[in-house]
Amino acid sequence: MVNPLWRNTEIRKQLKIVSKELSPDLVLTNATYLHGIFKKWMTGNIWVNGDRIIYAGQDMPKIDDSTEVVDVSGKWIVPGYIEPHVHPYQLYNPQQFADYAAQGGTTGFISDNLPLFLSLENEKAFTLLDRMAELPFTFYWWTRFDSQTELVGEDQKFTSKAVGEWLERPDVILGGELTGWPKLLAGDDQMLYWIQKAKISLKKIEGHFPGASEKTLARMKLLGADGDHEAMTVDEVEMRLLHGYGVTLRHSSIRPDLPELLSGIVERELNVFDKLMMTTDGSTPVFHKDGVMDLCIQIALDAGVPAIDAYMMASYNVARYYNLTSLHGLIATGRYANLNILDSIDNPVPSGVISKGVWLKRDGKKVRSLDDVDWSVLPELDLDFELTDDDFQFSMPFGVEMVNDVITKPYSVSVDTNVERLSKEHGESFLMHIDRNGKWRVNTLIKGFATEVDGFASSYTNTGDIVLIGKSRKDMWKAFERVKRLKGGIVLIEGGETVCELPLPIGGIMSDLPMETLMEQETELKKALKERGYEHGDAVYTLLFLMATHLPYVRITQKGIYDVMNKTILFPAFMRGQG
């Protein structure tokens, strides 16, 4: 991989800059900057050479014709923001999301590896990580210990060799998130071994414990969990802090909890802001219209959090928790030159962004985009099989009913399913989950998705398999064929015609378009679904989590309809007998 440190020759040059034998590339003069150790605003000059801060203090360096000198009088300089819990595949791709986030001052991600882990051999996945490490943006990663679904052949994918190779990478700084923690509690020593391996290397373990009792939190702490981002109330925040957890407060498209959590912490006068972080937890594109970590900081300021604490929750606190303060979260000698230039302390959206020493935004305008990443290493979605009439058999005695965006419970089917089209007078629709390689399918009914969706297909799912939903078998079929031609995407068909579509050509799960264009497509899709009866908050998350077994109560998995509480397959997948 790309070595994250500096070569000896570079360090010797940096020393000569300090001794004023050589000049730096950039000097920010008359800077008022946030110092995370003193927790105060300092004044001085910031010297930058390449991607590194050479010095921050009262002195001035040697200046020659190659040095850019920028007077930042009247500005406020804070460290680049770090998003500590990113799922950078929510229709967007990691490079595309990073390019967008950087314009709001978020210059670092700690990201999920699951789609890369499931789609690629490690060697190929690592080529992508190495390429992204070359960008003027900071990428760190976590490695999963489970698929968060019932995956066919999971034990062949999640091997000690495969997981261990991820843990050996220095840019992989934690394990988890532990969506499969019930297996761990039940005695899964394989997962415990991976946790132990991670902790020997001083990597963190991130939990996933929504609604967990105090006893569960204590048990998971003993098993190695270090942090959790699932607190939904102030009481849950306090309980996690009580047991020594690193707590990341969430503000996402399905759990926008941050304003209430922070207001509660302020009201209770809990002096714990230096122990807290914030995340948008893989929100869908439109949610980010108002920003990424800059949005979280603004919410903190609005809730009455002191400004220094608000900025540190998105920078120094993250770096300190993940043992990265030698490189990140601090404006001081030797750190990466990730600097946000603010016009006002009250506005966390920077007018200038320097990431790894590179100007990405200046005087309020974007001056550089992150270079494209070649995603061709990801296998494209090639649906080289045909559906048949036999595939459209829906004779299940029960279906799945949506409780909200992402939770589904069983219900008894009472409508006649031996029809070409279901009535729009009720909320039940056909549902098919089909293997991207055409080997199996799971058929049932879904209640509460929408009343007037004729044909809907998506390759955007937890596993990259295909979901078909609709009132009309013919339109579902047409939607499948359109996704097939697009080589991935989300398609809505009505009366045989395309209403809207969102192409996802990268592996069938990610767009290659700019975030602004993707937001427009997502807005159109969600508007069309809402007009046809989708009443929940985020249809994209519904698609993603239909097969996610870390949520109750029944899920549609590769193995069949799965009872989460009893850990059993209620109805197995039907093998189609096609390759």
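Just so you know, residue 1 is the first one in the sequence shown, and it goes up from there.
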Return each pair, listed once, that meets salt bridge (Lys or Arg N to Asp or Glu O under 4.0 Å) where at least one residue sits in [range]; pairs must be two or more places apart or across chains.
| range | value |
| --- | --- |
| residues 499-523 | Arg482-Glu501, Glu522-Lys526 |
| residues 94-106 | Asp99-Lys366 |
| residues 352-364 | Glu68-Arg362 |

ask   = Looking at Tyr81, Tyr322, Tyr140, Phe109, which one forms a ring-ring contact (aromatic ring centres under 6.0 Å, His included) with His328?
value =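 Single ring-ring contact (aromatic ring centres under 6.0 Å, His included) partner of His328 among Tyr81, Tyr322, Tyr140, Phe109: Tyr140.
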
List in chain and number order the residues that pass side chain to side chain contact (heavy atoms under 4.5 Å, CB included) with [X], two or more places apart in sequence or in another chain; answer none if no residue qualifies.
| X | result |
| --- | --- |
| Asp346 | Ser344 |
| Ser429 | Ile446, Ile469, Lys471 |
| Asp343 | Lys75, Ser351 |
| Glu236 | Ala231, Met232, Thr233, Arg240 |

Name all residues meeting the side chain to side chain donor-acceptor pair (under 3.5 Å) criterion together with [X]; count only those two or more places apart in sequence or in a different chain, and write none if there are none.
| X | value |
| --- | --- |
| Glu154 | Ser147 |
| Ser355 | none |
| Thr179 | Asp146 |
| Arg144 | Asp112, Gln148 |

key: Pairs satisfying ring pair (Phe, Tyr, Trp, His ring centres under 6.0 Å), at least one member in residues 512-540, at least two apart   = Phe449-Tyr534, Tyr534-His536

